[in-house]
Amino acid sequence: MDWEKLQYIDIRILYVIILLCMIIPMFKPIGLPVAISENSRKVYEVIENLPDGSVIWVSHDTGPGNAPELNPMITALARQAFRKNCKLVGTAFFNENVGPTLLYDHINEVAQEMGKEYGVDWVNLGYRINAEACMKVMVDDVWAGVGGVDWTGTPLDNFPLMQQVRSIRNDVDLIFVTTVGSPGYATWMTFVTQPLNKPLTGGASLTMYSGVQHYIRSGQLKGFLGGLRGAAEYEQLVGHPGQGLSGMDAQSMGHITVLVFLLLGNIGYFMARSKNNRQ
Amino acid sequence: MEQLGYIVSSICILMAWSYLIKENALYTFAEHLLVGMAVGRGIAYTIEVQLTPRIVDQMIGQGRWSLLIPALIGCLIYFRFVKGYEWVSRICMAVWIGYGAGNTLAFNPATYMPQVFDSFFKLDSIDNIIYFFVVVSVLWYFIFTVKKDAGFGKQFSMIGRYALMVAFGSAYGSITMAYLSLIIGQLQIILRDTLHLVK
Amino acid sequence: MRRQLPLLLVAITAFFVMAMKFFNFGEVGAAAIQEADIWIQVTYEFAFLLGAINFTRLHYGNVARKRPKWVYSVVALIAMVLTCIITLVDGVNGEIAVFLYENVANRIDSAIYALLGFYVCSAAYRSFKLKNLEAGILLVSAVLLMLAQAPIGDAIFPGISKVGEWILNVPNSAGMRGIRLGAGIGAYAASIRVILGLERSWTGSGS
């Protein structure tokens, strides 16, 4: 067999193979167990240890690209928070077109199921230009930071929850951020949680998960969820399997396929190299 | 309505993924449609949620006419389109850059001190000692003002380099996982929500 | 004057922000910095059309000069105008506006981003070769992490998720911390250069 040709397979064939390998487990689930990591457990516990009725600030700082990884985290957070009768105040600083709508949809889905009312149990404040300036103002005056309106432009006077949440300093107990870049967890850490010594947790796209580990180690992040796998673990802890868990089998097969591609490419490379050496 | 939405979504996903075969008219159409819609919605969102409350409620309603000053400073940015007066737009940019630079120097040090303490003052286990060693070697690797041609300097720098390779390998592994899960998200919309072939 | 005024403004703004943080000016200081933060927000809000004007100039230019693929520029301009009007009339949370944006633009955006998944696979196949020790370390840590993070890894090699956690928490974290500390020092140096007017690339060239 001409092993060198392993280096030169048409890439479109590989695209078809990866698609098939990810589609097949969707039809025939394998049902592999998902082990829960320490970081995900910390996220669950920091929220579980909050007194019932606490105020959680949730910032869905994501764009449309990474949303499939992070949306299940918001759904699971809403479930855990509402079970504890916690209040949720939401923002979305990364993308004005998508963030506020996704945040609204995913919390609203759970809120309607659990009998929670918009304006009383949760509010979506949406996107504001220049996250740094907005966060700095919201530390002491949330209303001034968001211009006195929610994400649809409705005045905050209409919402009983916002009568009690006037500043992050005095009225918010935990910040939960889902992040894909900047503004994200680093902005919240720099301007809010570090100066106020407030707990910060949440989740990141796996594209940046390896870069947040040292913040978890230093205690500046109270655990952090990592992508779809982290969302799956969190869903298990909350006790309500959802989008995160449903994608794990396909994810597993995708990984194996990528590893096989890696192996094929390297086998072809070494065979070509040894042939050149012999010649 | 929801099902119609899923059908439209699936068509859009397939239009975008047609690029995998080769660049084509469908993909280019989808790309330009996306960019146009994103700009349009951004304008509308800013007007409805940010500008209207600012002008109607705060400036006119509460009489905060002092906000006209930053409004005018912000409008100076549009002078970059006026021939001969591009320099005026730099006034607005100067305010933004000064604000950002001031914030960096004022707020960032506090986020780094816990990092330093965690690296250099907790040497109570094997993992922490390895951690300290790796952090110092990586920092040493990035010092380019000292010659590291031979001897201990070079060897220590190489250890930092290998540690960086482990970090980048972990990053690559994580990134691969992240992007594969994005494909799963799109497949779920097509197979589950639109075609109802999977649960 | 045209170059000095912006540089002076950078320094004044930066020193004001830093002074408000490092010194205690009581309630007056707190009110002043809060007002300054709101003013900065307002400047950004009123500059919101910058991207839209650039976008329109580019695509209108393509159409006017009949450059290659100018038809797509027409599509982009029409999409911008229609989406803006529909969203303003229907509201940000309006049914039609949300339907259009979520099912068209949002889907195209996320599908284009998902293309990266395919490119990562082709990168793994084409470029990730075991050419030397450093490439080998990169490869081994990537493979270990991929196996550790997927549920199938634990099924094939029990306990590999713990190995993956250790790699993330110790060597990877230490390496990233070193990078982050170095980058932080670089950011301070860059900020100081900007404030002192030594970094002038942002002022551009021209009249």
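Only heavy atoms go into these numbers, but all of them, side chains included; no hydrogens, no water, no symmetry mates. Letters A, B, ... mirror the listed sequences (proteins, then strands); counts begin at 1.
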K.L.:
Please flag which part of C/Ala148 lies under 4.5 Å from any non-hydrogen atom of chain A: side chain, backbone, both or neither.
P.N.:
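It is the backbone, since no side chain atom gets that close.
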K.L.:
Do side-chain atoms of C/Ser173 reach the backbone of C/Val170 as a donor and acceptor pair under 3.5 angstrom?
P.N.:
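Pair absent, no side-chain N/O of C/Ser173 close to backbone of C/Val170.
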K.L.:
Just to be sure I understand the criterion: a residue of residues 179-198 of chain C counts if one of its heavy atoms is under 4.5 Å from a heavy atom of chain A. Which ones qualify?
P.N.:
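If one takes a 4.5 Å heavy-atom cut-off, the residues of residues 179-198 of chain C near chain A are C/Arg180.
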K.L.:
Rounded to the nearest 0.5 Å, how far apart are CE of C/Met80 and CD1 of C/Ile85?
P.N.:
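Here the interatomic distance stands at 9.5 Å.
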K.L.:
Does any heavy atom of chain C fall under 4.5 Å from the side chain of A/Asp141, the backbone, both, or neither of them?
P.N.:
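Both parts, backbone and side chain.
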K.L.:
Per the salt bridge (Lys or Arg N to Asp or Glu O under 4.0 Å) rule, what does the pair list look like for residues 144-157 of chain C, sequence neighbours excluded?
P.N.:
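Pairs touching residues 144-157 of chain C that pass the test: none.
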K.L.:
Is the backbone N or O of C/Ile86 less than 3.5 Å from a side-chain atom of C/Asp90, with the two atoms forming a donor-acceptor pair by type?
P.N.:
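Not confirmed, C/Asp90 side chain does not pair with C/Ile86 backbone.
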K.L.:
Just by distance, no angles: are the side chains of C/Glu45 and C/Thr43 close enough, under 3.5 Å, to form a donor-acceptor pair?
P.N.:
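There is no such pair (donor and acceptor under 3.5 Å, judged by atom type) between the side chains of C/Glu45 and C/Thr43.
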K.L.:
With respect to chain A, which residue among C/Arg177, C/Met176, C/Gln149 yields the maximal number of heavy-atom pairs within a distance under 4.5 Å?
P.N.:
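Among the listed options, the one with the most contacts to chain A is C/Arg177.
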K.L.:
Would you name the heavy atoms of A/Pro25 and A/Met253 that are closest together and state the gap between them?
P.N.:
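Looking at all heavy atoms of both residues, the closest pair is CG-CG, 3.2 Å.
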K.L.:
In terms of heavy-atom pairs under 4.5 Å, which option from A/Asn266, A/Ile30, A/Val258 contacts chain C the most?
P.N.:
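If we count pairs closer than 4.5 Å to chain C, A/Asn266 comes out on top.
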K.L.:
Once rounded to the nearest 0.5 Å, what's the spacing between atom CG of C/Asn169 and atom OG of A/Ser210?
P.N.:
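Atom-to-atom, C/Asn169:CG and A/Ser210:OG are 11.5 Å apart.
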K.L.:
Heavy atoms only: give me the nearest A/Val123-A/Gly119 pair and the separation to one decimal.
P.N.:
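For A/Val123 versus A/Gly119, the nearest heavy atoms are CG2-CA, 3.8 Å.
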K.L.:
As an exercise, state the distance from CG of A/Asn39 to OH of A/Tyr234, rounded to the nearest 0.5 Å.
P.N.:
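Rounded to the nearest 0.5 Å, the CG-OH separation comes out at 14.0 Å.
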K.L.:
Around C/Phe25, counting heavy atoms of other residues, nucleotides and ligands shown, do more than 12 lie under 6.0 Å from its CZ?
P.N.:
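Check passes, neighbour count above 12.
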K.L.:
Assert yes or no for the condition that the ring centre distance of A/Tyr215 to A/Tyr185 is strictly below 6.0 Å.
P.N.:
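Here the rings of A/Tyr185 and A/Tyr215 have centres that are less than 6.0 Å from each other.
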K.L.:
Under 4.5 Å from any heavy atom of chain A, what part of C/Glu165 do you find: side chain, backbone, both or neither?
P.N.:
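The side chain, not the backbone.
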K.L.:
For a quick test of reading the model, state the closest non-hydrogen atom pair linking A/Thr187 to A/Ser182 and the distance between them.
P.N.:
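Nearest heavy atoms, A/Thr187 then A/Ser182: OG1-OG, 4.1 Å.
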K.L.:
Between A/Tyr104 and A/Trp122, is the ring centroid distance below 6.0 Å?
P.N.:
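Yes: the rings meet the under 6.0 Å criterion.
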K.L.:
If we ignore hydrogens and angles and just use 3.5 Å, is the side chain of C/Gln41 paired with the main-chain N or O of A/Gly145 as donor and acceptor?
P.N.:
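Side chain of C/Gln41 to backbone of A/Gly145: a pair is present.
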K.L.:
Below 4.5 Å, heavy-atom pairs only: which of C/Trp39, C/Phe48, C/Tyr44 has the largest tally toward chain A?
P.N.:
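The residue among C/Trp39, C/Phe48, C/Tyr44 with the greatest pair count is C/Tyr44.
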K.L.:
Let me know if C/Ile167 has heavy atoms under 4.5 Å from chain A in its side chain, its backbone, both or neither.
P.N.:
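For C/Ile167, neither part sits under 4.5 Å from chain A.
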K.L.:
We want to know whether A/Glu69 and A/Asn66 form a side-chain donor-acceptor pair, criterion being a heavy-atom distance below 3.5 angstrom.
P.N.:
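Yes, a side-chain donor-acceptor pair sits under 3.5 Å.
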K.L.:
Answer with side chain, backbone, both or neither: which region of C/Ala114 has an atom nearer than 4.5 Å to a non-hydrogen atom of chain A?
P.N.:
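Contact with chain A is absent: no heavy atom of C/Ala114 under 4.5 Å.
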K.L.:
For A/Leu259, which atoms come within 4.5 Å of any heavy atom of chain C: side chain, backbone, both, or neither?
P.N.:
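Contact with chain C: side chain only.
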K.L.:
Non-hydrogen contacts under 4.5 angstrom with chain A: give the residues of residues 119-146 of chain C involved, or none if there are none.
P.N.:
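Those residues of residues 119-146 of chain C which have a heavy atom under 4.5 Å from chain A are C/Tyr119, C/Cys121, C/Ser122, C/Ala124, C/Tyr125, C/Arg126, C/Phe128, C/Lys129, C/Leu130, C/Lys131, C/Leu139, C/Val143, C/Met146.
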K.L.:
When you compare the side chain of A/Gln243 with that of A/Asn71, does any pair of heavy atoms fall below 4.5 Å?
P.N.:
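The answer is no; the side chains never approach within 4.5 Å.
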K.L.:
I need the residue from A/Gly265, A/Cys134, A/Pro64 with the largest number of non-hydrogen atom pairs under 4.5 Å to chain C.
P.N.:
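The candidate making the most pairs under 4.5 Å is A/Pro64.
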K.L.:
What pair of heavy atoms forms the shortest contact from C/Ser73 to C/Val63, and how long is it?
P.N.:
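Nearest heavy atoms, C/Ser73 then C/Val63: CB-CG2, 3.8 Å.
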K.L.:
Say whether, by atom type as modelled, one donor and one acceptor occur between the side chain of A/Glu233 and the main chain of A/Ser37 under 3.5 angstrom.
P.N.:
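Yes: the side chain of A/Glu233 pairs with the backbone of A/Ser37.
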K.L.:
Which heavy-atom pair separates A/Arg128 from A/Leu125 by the least distance, and what is that distance?
P.N.:
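That closest heavy-atom pairing would be NH1-O, 2.9 Å.
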K.L.:
Under 4.5 Å heavy-atom distance to chain A, tell me which part of C/Tyr101 shows up: side chain, backbone, both or neither.
P.N.:
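Contact with chain A: side chain only.
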K.L.:
What are the residues of residues 217-227 of chain A, in order of number, with any heavy atom under 4.5 angstrom from a heavy atom of chain C?
P.N.:
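The stretch touches chain C at A/Arg217, A/Ser218.
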K.L.:
If the plane angle is over 60° it's perpendicular, under 30° parallel, otherwise tilted; pick one for C/His59 and C/Phe55.
P.N.:
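Tilted, since the angle between the ring planes falls between 30° and 60°.
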K.L.:
With a 4.5 angstrom heavy-atom cut-off, could you sort out which part of C/Val42 is near chain A: side chain, backbone, both or neither?
P.N.:
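For C/Val42, no heavy atom lies under 4.5 Å from chain A.
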K.L.:
Checking C/Glu35 against chain A: side chain, backbone, both or neither under 4.5 Å from a heavy atom?
P.N.:
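Neither the backbone nor the side chain of C/Glu35 comes within 4.5 Å of chain A.
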K.L.:
Do you know which of A/Gly211, A/Ala35, A/Ser252 has the most heavy-atom pairs with chain C at a distance under 4.5 angstrom?
P.N.:
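Most heavy-atom pairs under 4.5 Å with chain C: A/Ser252.
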K.L.:
Without hydrogens or angle criteria, can the side chains of A/Asp150 and A/Tyr118 be said to hold a donor-acceptor pair below 3.5 Å?
P.N.:
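Yes, because at least one side-chain N or O of A/Asp150 sits under 3.5 Å from a partner of the opposite role on A/Tyr118.
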K.L.:
Do you know which of A/Gln251, A/His255, A/His214, A/Glu38 has the most heavy-atom pairs under 4.5 Å to chain C?
P.N.:
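Option with the top pair count is A/His214.
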K.L.:
Between A/Ile11, A/Leu102, A/Thr152, which has the largest tally of heavy atom pairs under 4.5 Å with chain C?
P.N.:
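Winner by heavy-atom pair count: A/Ile11.
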K.L.:
Contact part of A/Ile9 toward chain C, heavy-atom cut-off under 4.5 Å: side chain, backbone, both or neither?
P.N.:
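Contact with chain C involves both backbone and side-chain atoms of A/Ile9.
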K.L.:
Is it true that atom CZ of C/Phe23 has more than 12 heavy atoms of other residues, nucleotides or ligands lying nearer than 6.0 Å?
P.N.:
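At most 12 heavy atoms, drawn from other residues, nucleotides or ligands, come within 6.0 Å of this atom.
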K.L.:
Which residue out of A/Leu32, A/Val34, A/Leu262 racks up the most heavy-atom pairs below 4.5 Å with chain C?
P.N.:
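Heavy-atom pairs under 4.5 Å are most numerous for A/Leu262.
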K.L.:
Could you tell me which portion of A/Asn95 (side chain, backbone, both or neither) has an atom closer than 4.5 angstrom to a non-hydrogen atom of chain C?
P.N.:
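Contact with chain C is absent: no heavy atom of A/Asn95 under 4.5 Å.
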